[in-house]
**Q** 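Here's a structure for you.
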Amino acid sequence: MGVRMKDIIICNAVPAYEEAPVSLTLLKEHTEEILNTLMKETVNECFLIVPKNQQMKDIPEGIRVMEAPTTSGFAYGNHSALLKVTENEKAIPYCTNGQLLTESSFVTVEEVLGIDKKKVCIGGKARIKGVCELNKRTTPEEILDVCKSQGTFKGMFFGHPMGRFISASNLKEEILLTTDYIEILDDSDCILNTLLRVIERYDKESCGRCVFGHEGTAQLRMILTDITLKKGKASDIELMLALSHEMQQQSLCEIGYTAANVMISAVETFQSELEEHITKKNCMAGVCSKFVTYHILADMCTGCNECVDACEEDAILGKRKFIHVIDQDECTQCGACLKACEEEAIVKAGAVKPRCPKKPIPCKN
Ligand code: SF4
Ligand code: SF4
């Protein structure tokens with residue numbers, strides 16, 4: 001598509017995250033004010049982009065409301081993708097936000113309303129979740145003061161388009177908030193697992209137009225998945241970093257290079273935890289199921305035999321009135337026995353394993 005030489009203004013109300021619909025909430029709460037402010041603009045055309053199935057009433061002449069083909073997505077942060085929506089096409093970016101048309105103005109709902117604070121949805125292991133109003137320039141320490149952490153604070157993930165992790169040691173760093181979503185991480189979170197979830201999201205959001213953005217993200221997802229399955233190789237982190245640096249340079253839009261930023265920031269911030277999954281085959285948080293083992297505590301087991309029936313792999317050795325034992329070579333870490341044991345004798349373990357009998361022995365009582 002060529003450059004459109006029109007004097008237009010485009011206001012986007014489609015959220016990046018379905019679970020953090022900041023722009024949509026503002027649109028619903030301040031519809032009249034937004035429409036009146038947009039009406040005052042002296043431009044040839046004025047567009048308001050709304051999520052799919054968003055009903056809008058009493059639209060003044062002069063404002064064209066365009067329904068996006070989806071209810072949310074990272075692409076709507078890209079100006080060229082928004083131009084596509086004004087032409088009733090899919091929101092597929094064709095250039096980065098740095099190469100934009102000078103005669104088009106792109107504004108967010110927050111900018112139209114002149115809000116000088118940033119509304120953000122806080123999720124993950126925050127004690128106070130949901131929408132919070134924060135200073136645009138803030139520190140992780142200020143954010144944590146507002147939302148608190150459920151367990152021992154481990155870090156934060158700043159969603160698209162920021163795409164970065166910070167750890168407990170970066171609490172005083174000043175940051176400019178441009179995302180609608182922040183996830184609080186505590187000591188029960190595994191960074192590898194969180195990173196994989198984020199990269200899977202980018203893989204899904206990627207439109208497939210560029211090799212480095214699309215294929216690069218898919219490669220990152222596959223390598224990270226292998227690490228969670230205990231198939232990680234010593235060279236994986238170096239490989240993912242090299243790939244991410246290429247993605248930063250060669251992706252056609254910010255979806256690809258933000259995925260790369262996420263990867264690089266995870267390594268910069270939590271390298272030792274990622275490496276521990278590869279070299280020591282250990283998940284400190286006990287989240288990655290392949291790294292977790294199941295054990296029966298001898299002083300808790302009453303020999304009721306319930307777990308034997310629950311285990312489809314026949315991995316539990318023992319009979320009634322005997323302390324049962326899990327055969328680690330047969331166990332597939334499905335967790336069914338944990339739920340079946342009413343005595344809470346079965347536990348999950350990460351790197352530190354409880355001492356257990358090697359074979360079933362009679363219960364003391
Ligand atoms: S581990 Fe639990 S379910 Fe299995 S025999 Fe012992 S007490 Fe019963
Ligand atoms: S975790 Fe699953 S496979 Fe392993 S012993 Fe328990 S029920 Fe059997």
Side-chain angles (χ1 to χ4, degrees), residues 123-125 150-152 154-155 183 185-201 203 220-234 236-237 266 270 272-365:
K125 301 291 165 48
Q150 287 176 13
T152 303
K154 183 172 191 170
E183 185 169 326
L185 307 170
D186 73 8
D187 53 355
S188 66
D189 286 301
C190 164
I191 293 300
L192 174 63
N193 199 276
T194 307
L195 175 62
L196 175 58
R197 180 163 42 80
V198 174
I199 293 295
E200 280 173 342
R201 183 89 175 238
D203 193 30
L220 291 180
R221 174 182 51 75
M222 284 190 268
I223 297 169
L224 290 168
T225 303
D226 274 357
I227 300 173
T228 65
L229 297 175
K230 267 189 170 172
K231 295 183 199 160
K233 296 190 273 308
D236 280 350
I237 289 190
F270 294 107
S272 58
E273 185 174 335
L274 294 174
E275 278 176 351
E276 195 154 329
H277 284 82
I278 298 170
T279 54
K280 297 188 184 158
K281 305 288 181 231
N282 179 36
C283 173
M284 280 194 289
V287 172
C288 298
S289 61
K290 282 286 170 196
F291 293 80
V292 167
T293 48
Y294 288 78
H295 305 268
I296 298 175
L297 301 175
D299 55 350
M300 302 281 283
C301 177
T302 58
C304 71
N305 220 34
E306 290 294 322
C307 54
V308 172
D309 293 338
C311 179
E312 292 189 358
E313 307 299 326
D314 293 334
I316 301 182
L317 312 174
K319 56 186 180 182
R320 289 191 78 78
K321 305 266 184 223
F322 273 67
I323 293 166
H324 287 49
V325 174
I326 294 178
D327 180 345
Q328 298 299 334
D329 291 335
E330 298 298 325
C331 176
T332 56
Q333 296 88 32
C334 72
C337 55
L338 190 96
K339 293 182 198 123
C341 177
E342 290 181 4
E343 305 298 326
E344 295 183 357
I346 303 183
V347 291
K348 283 202 288 185
V352 182
K353 315 287 183 200
R355 285 175 66 114
C356 298
K358 295 233 174 328
K359 55 182 188 180
I361 51 172
C363 294
K364 284 187 187 138
N365 301 317

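Read the numbers this way: they start at 1 and go in the same order the structure lists the ligands and their atoms.
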**Q** Looking only at heavy atoms, which two atoms of C288 and C283 are closest? And how far apart?
**A** N-SG, 3.4 Å
**Q** I need the E275 CD to I227 CD1 distance, nearest 0.5 Å.
**A** 10.0 Å
**Q** Hey, which atoms in ligand 2 end up nearer than 4.0 Å to a heavy atom of E313?
**A** 3 (S)
**Q** Under a 4.0 angstrom heavy-atom cut-off, which atoms of ligand 2 come close to C331?
**A** 1 (S), 3 (S), 4 (Fe), 5 (S)
**Q** If the cut-off is 4.0 Å to any non-hydrogen atom of I316, which atoms of ligand 2 fall inside it?
**A** 5 (S)
**Q** I'd like to know if D189 pairs up with K154 as an ion pair, taking the criterion as any Lys NZ or Arg NE/NH1/NH2 lying under 4.0 Å from an Asp or Glu carboxylate oxygen.
**A** no
**Q** Out of curiosity, K231 NZ to I223 CD1, how far, rounded to the nearest 0.5 Å?
**A** 13.5 Å
**Q** Measure from atom 8 (Fe) of ligand 2 to each N, O or S atom of C311 and report whether any distance is below 2.8 Å.
**A** yes
**Q** Look at atom 2 (Fe) of ligand 2 and say which protein heavy atom is nearest, naming residue and atom and giving the distance to 0.1 Å.
**A** C334 SG, 2.3 Å
**Q** Inspect the surroundings of NZ in K319 and state if more than 12 heavy atoms from other residues, nucleotides or ligands are less than 6.0 Å away.
**A** no
**Q** Between atom CG of D236 and atom OG1 of T279, what is the distance when rounded to the nearest 0.5 Å?
**A** 11.5 Å
**Q** Which residue, I296, V325, D309, D327, forms the side chain to side chain contact (heavy atoms under 4.5 Å, CB included) with I316?
**A** I296
**Q** Kindly say whether H277 contributes a backbone atom to a donor-acceptor pair with the side chain of K280 at under 3.5 angstrom?
**A** no
**Q** What's the shortest distance from atom 5 (S) of ligand 1 to any protein heavy atom, and which residue and atom give it?
**A** N305 N, 3.3 Å
**Q** Got a second to check how far L185's CG is from N193's CG, nearest 0.5 Å?
**A** 10.5 Å
**Q** Which residues and atoms, counting only protein N, O or S, are under 2.8 Å from atom 2 (Fe) of ligand 1?
**A** C341 SG
**Q** Quick test: of every protein heavy atom, which one is nearest to atom 3 (S) of ligand 2, and how far off is it to 0.1 Å?
**A** T332 N, 3.4 Å
**Q** Just to confirm my output: which protein heavy-atom neighbour is closest to atom 1 (S) of ligand 2, and how far is it?
**A** G335 N, 3.2 Å
**Q** Which atom pairs, one a donor and one an acceptor, fall under 3.5 Å between side chains of residues 328-342 and the rest of the protein, sequence neighbours left out?
**A**
{"from": "Q328", "atom 1": "NE2", "to": "Y294", "atom 2": "O", "distance (Å)": "2.7"}

